[in-house]
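Have a look at the structure below before the remarks.
One is the number of the first residue; the rest follow in order along the sequence. Just so it is clear, the values below take in all heavy atoms, side chains as well, and ignore hydrogens, waters and symmetry mates.
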Amino acid sequence: MSALLLIVVSAVIGVVVLLTRRWAVVARALAPAGSGFLALLAGGAMLRTQAPETISWLPSIDLGGLFLPLELGTSRPLAAIAFVVALVSAAVQIYSTWYLRDDDRYPVFAATVALFTAAMFLVVHSRDLALTLVGWEVMGWCSYLLIGHWSRKESARRAAHKAFLVTRLADVGFVLGVVGLATSVGSTGYAAVLRLWAEPTVCDAYGCVGPNPVLRNTFLVLIIVGVLGKSAQVPFQDWLPDAMEGPTPASALIHAATMVAAGTVVLAGLYPALAQAEVARWVLGIATSVTMVLAALLAMGQSDLKRLLAWSTVSQVAIMLSALAAAPVILEQQPGEPPAVGVPPGPALAIVPGAALFHLWSHALFKSLLFLAIGLLGVIAGGTTAALLRGAGMRTRLGRWAFLIGLLSLAGVPLVVGGFSKESVIDTAYQGASQGGPGLLVLLALLVTVVLTAAYSTRAYLVIAELIDVTAPVEAVGEMSESRRQRRSESLDPDGRGAANAVLVTLAVLTLIGGLALALDLFDLHGLSWVWTLITVLLIGVGAGLAFALGRAGDPGVRFAGRRAALFDGGFGADTAYRALAKPVVHLARIVAFVDTEVIDGYVRGAAVTARLGGAVTERAHRAERLRTGGWLVVLGLVAVLAVGVFAWR
């Protein structure tokens with residue numbers, strides 16, 4: 001029942017805060033308190049949950065050919081994911097009371113965050129594809145609202161529209177995939193779907209036994225298309241950096257624990273079927289391999305550190321999704337070990353995708369810490385460009401150390417939570433590489449990404465610690481407005497940002513000790529390899545050395561002037577490509593609209609004009625008529641009626 005309670009309470013908090021939006025004091029008290037209660041509730045559920053369980057919280061619906069069980073479920077890994085979602089949501093709500101203290105639309109923001117969290121809880125605990133789709137679409141709507149929260153700015157409106165349109169386009173594939181999986185078995189329940197689609201297809205000289213592999217791959221590829229869009233993977237990657245136009249707490253929520261991470265949860269739930277779909281795994285493996293390297297390379301040259309973190313999210317989400325693509329498909333079943341859900345018992349058993357979920361847990365902790373730390377540094381410096389942030393970390397010890405701890409985890413340094421989860425993904429890819437499939441491609445991409453991640457993480461710290469020269473023309477830096485100066489001076493007062501400080505300390509501690517998830521056995525992992533740990537430590541050293549070498553002559557994100565800066569900040573022309581693809585569609589739409597309004601609607605308007613003119617002429621004639629004329633008209637009318645009657649009788 002804890003799963004249902006999390007969803008309901010979070011949704012109720014959002015509704016109540018929205019209803020009390022005229023009383024900002026009430027909203028500022030209710031939203032943080034309610035989110036804190038949710039975090040405690042989710043933490044207790046995580047510690048109590050042992051065996052998987054399923055609950056029916058609504059009456060099932062039978063539509064004749066389609067059965068909707070509308071079930072929720074939980075397990076130890078899912079309870080852990082729900083806890084970290086609740087934790088990040090609480091951190092964002094508490095932090096926002098300081099960050100948005102002067103925002104006249106704060107209650108709307110807080111209500112949207114609560115509803116966003118409820119939708120993510122629904123996706124995490126859903127055991128029904130229909131419920132998953134509901135949570136999936138509500139999150140898309142909430143992300144649109146949060147990205148465009150400062151809708152008075154044209155850039156924020158454009159970013160919100162772009163995110164909405166790109167993700168909606170990809171969601172077409174997600175919906176079609178859900179429909180295909182569900183209608184094939186006559187049920188939207190995960191258990192029924194996996195009972196069919198997780199069966200291996202065995203072929204011999206007499207034919208094949210099992211589900212149609214072409215249909216299975218088709219439906220799962222459609223699901224993957226939706227996941228790639230929501231998670232900002234190639235070719236849908238460019239919307240997420242533009243989403244930085246939203247408030248920094250909103251970025252922390254979207255990047256750390258909701259929206260972009262939702263696809264990992266969905267594919268983990270469908271993993272027994274995905275494990276049997278080789279084509280779908282290759283599609284996912286190729287997309288994530290390209291994305292993690294491309295996004296890491298783009299992060300290296302960003303002139304804005306907030307956008308650097310955005311590209312790092314794109315890369316890190318690719319890492320967690322790659323664990324699902326590259327995981328070894330077959331594992332010998334241990335004596336006495338129960339079979340996985342949806343997989344027939346026997347010597348061959350599809351393994352549980354624990355590495356992907358563990359990296360989701362890890363990423364939620366350190367990425368929320370990084371975004372909220374950059375929010376503090378940005379307020380102090382008056383912006384988040386590298387030029388403005390130069391040395392900002394030296395003005396706040398807590399901001400500097402919080403940012404450093406987050407970057408260490410992002411780079412995958414051992415003994416912090418990011419190091420543990422990254423090693424688990426690499427080890428999973430290595431095991432998968434020995435069995436063929438996309439494992440080898442993913443493994444190579446991961447190793448390259450380790451170097452690039454260490455490089456841009458080092459570069460980010462060198463900027464805020466003023467250890468490299470950041471020089472830029474005045475127009476690139478921009479002048480600090482009077483409101484920003486006032487806000488900056490207020491932020492330097494420790495009493496004015498106690499809530500933000502408490503959140504940063506909590507997240508920093510959890511990032512340091514988050515590896516205890518291994519001791520608590522929250523995720524199904526196969527252990528870590530010291531060999532791979534040593535290799536990645538060497539690669540991290542190479543990346544850090546590269547950042548120092550590039551920093552000798554100044555920050556690369558600022559030194560790349562002119563075309564180079566535009567190339568990196570513009571995502572290697574992705575937005576230009578979007579516009580190029582959209583132009584023919586827009587022109588076609590204008591032609592269709594012209595034909596519709598000027599040609600097709602012309603007949604309708606013409607009939608209306610004719611009737612109106614005819615009525616006006618008749619009405620005018622009626623006003624001018626005489627009694628004798630009216631009598632003759634009646635006679636003529638009778639004659640006409642008689643003529644028609646005689647003709648019809650013959």
Side-chain angles (χ1 to χ4, degrees), residues 81 84-93 95-96 99 109 112-113 116-117 119-120 123 139-140 142-149 159-160 162-163 166-167 227-233 236-265 291-292 295-296 298-299 302 304-321 359-378 384 402-403 406-407 409-410 417-418 421 453 456-457 460 503-504 507 510-511 571:
I81 297 302
V84 82
V85 170
L87 178 69
V88 172
S89 176
V92 167
Q93 292 279 30
Y95 184 93
S96 299
Y99 191 85
F109 176 89
T112 307
V113 169
F116 206 155
T117 306
M120 184 63 182
V123 171
M139 277 197 296
C142 290
S143 68
Y144 167 76
L145 295 178
L146 290 178
I147 295 169
H149 177 73
K162 182 177 181 178
V166 172
T167 54
V227 170
L228 295 179
K230 206 71 130 190
S231 300
Q233 304 293 287
F236 308 103
Q237 78 281 2
D238 197 60
W239 70 264
L240 192 58
D242 284 3
M244 296 301 94
E245 291 293 335
T248 298
S251 301
L253 184 70
I254 294 172
H255 287 243
T258 57
M259 189 69 171
V260 297
T264 303
V265 176
T291 301
M292 70 175 77
L298 283 166
Q302 294 298 305
D304 189 301
L305 294 195
K306 192 177 175 184
R307 289 178 67 89
L308 179 150
L309 294 181
W311 281 115
S312 80
T313 296
V314 176
S315 182
Q316 294 297 309
V317 173
I319 290 175
M320 62 181 82
L321 288 172
H359 195 61
L360 192 161
W361 154 284
S362 166
H363 182 261
L365 292 175
F366 69 73
K367 188 50 64 72
S368 58
L369 173 62
L370 283 169
F371 267 108
L372 298 184
I374 202 71
L376 173 61
L377 295 171
T384 57
F403 200 59
L407 290 174
S409 192
L410 172 62
V417 67
S421 62
T453 304
Y456 69 70
S457 298
V503 167
L504 290 176
L507 291 175
L510 290 175
T511 300

request  = Quick one: do Phe403 and Ile374 satisfy side chain to side chain contact (heavy atoms under 4.5 Å, CB included)? Show the steps, please.
outcome  = CA-CA 7 Å; Phe403 200 59; Ile374 202 71; 3.9 Å; yes
Nearest heavy atoms of [X] and [Y], plus distance in Å:
X: Gly140; Y: Ser143; value: O-OG, 2.7 Å
X: Val123; Y: Val265; value: O-CG1, 4.1 Å
X: Ser96; Y: Phe109; value: OG-CE2, 3.3 Å
X: Leu146; Y: Ala250; value: CB-CB, 3.9 Å
X: Ala159; Y: Asp242; value: CB-O, 3.2 Å
X: Ala364; Y: Val88; value: O-CG2, 3.7 Å

Hey, could you give me the [atom1]/[atom2] distance between [X] and [Y], rounded to the nearest 0.5 Å?
X: Leu240; Y: His255; atom1: CG; atom2: NE2; value: 4.0 Å
X: Thr511; Y: Phe366; atom1: OG1; atom2: CZ; value: 8.5 Å
X: Thr264; Y: Lys230; atom1: OG1; atom2: NZ; value: 13.5 Å
X: Cys142; Y: Met120; atom1: SG; atom2: CE; value: 12.5 Å
X: Leu365; Y: Leu87; atom1: CG; atom2: CG; value: 6.5 Å
X: Leu372; Y: Leu507; atom1: CG; atom2: CG; value: 6.5 Å

For the backbone of [Y] and the side chain of [X], can you confirm whether one donor and one acceptor N or O come within less than 3.5 Å of each other?
X: Ser315; Y: Ala295; answer: no
X: Thr313; Y: Leu309; answer: yes
X: Ser409; Y: Gly406; answer: no
X: Ser89; Y: Val85; answer: no
X: Ser231; Y: Leu228; answer: no
X: Thr384; Y: Asp304; answer: no

Pairwise side-chain contact, [X] with [Y], heavy-atom cut-off 4.5 Å (strictly under):
X: Leu377; Y: Leu305; value: no
X: Val417; Y: Trp361; value: yes
X: Gln93; Y: Thr117; value: no

message = Gln237 vs Leu298, test: side chain to side chain contact (heavy atoms under 4.5 Å, CB included). Steps then yes/no.
response = CA-CA 11 Å; Gln237 78 281 2; Leu298 283 166; 5.7 Å; no
request  = Walk me through it: do Thr453 and Met292 pass the test side chain to side chain contact (heavy atoms under 4.5 Å, CB included)?
outcome  = CA-CA 10 Å; Thr453 304; Met292 70 175 77; over 6 Å; no
message = Does the plane of the ring in His359 sit parallel, tilted or perpendicular to the ring in His363? Use 30° and 60° as the thresholds.
response =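 Because their plane-to-plane angle lies in the 30° to 60° range, the rings of His359 and His363 count as tilted.
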task = Report yes or no: do Lys367 and Ser312 form a side-chain donor-acceptor pair below 3.5 Å?
result = yes
task = Before giving the answer on side chain to side chain contact (heavy atoms under 4.5 Å, CB included), spell out for Phe116 and Leu145 the whole-Å C-alpha distance, their side-chain angles and the decisive distance to 0.1 Å.
result = CA-CA 10 Å; Phe116 206 155; Leu145 295 178; over 6 Å; no
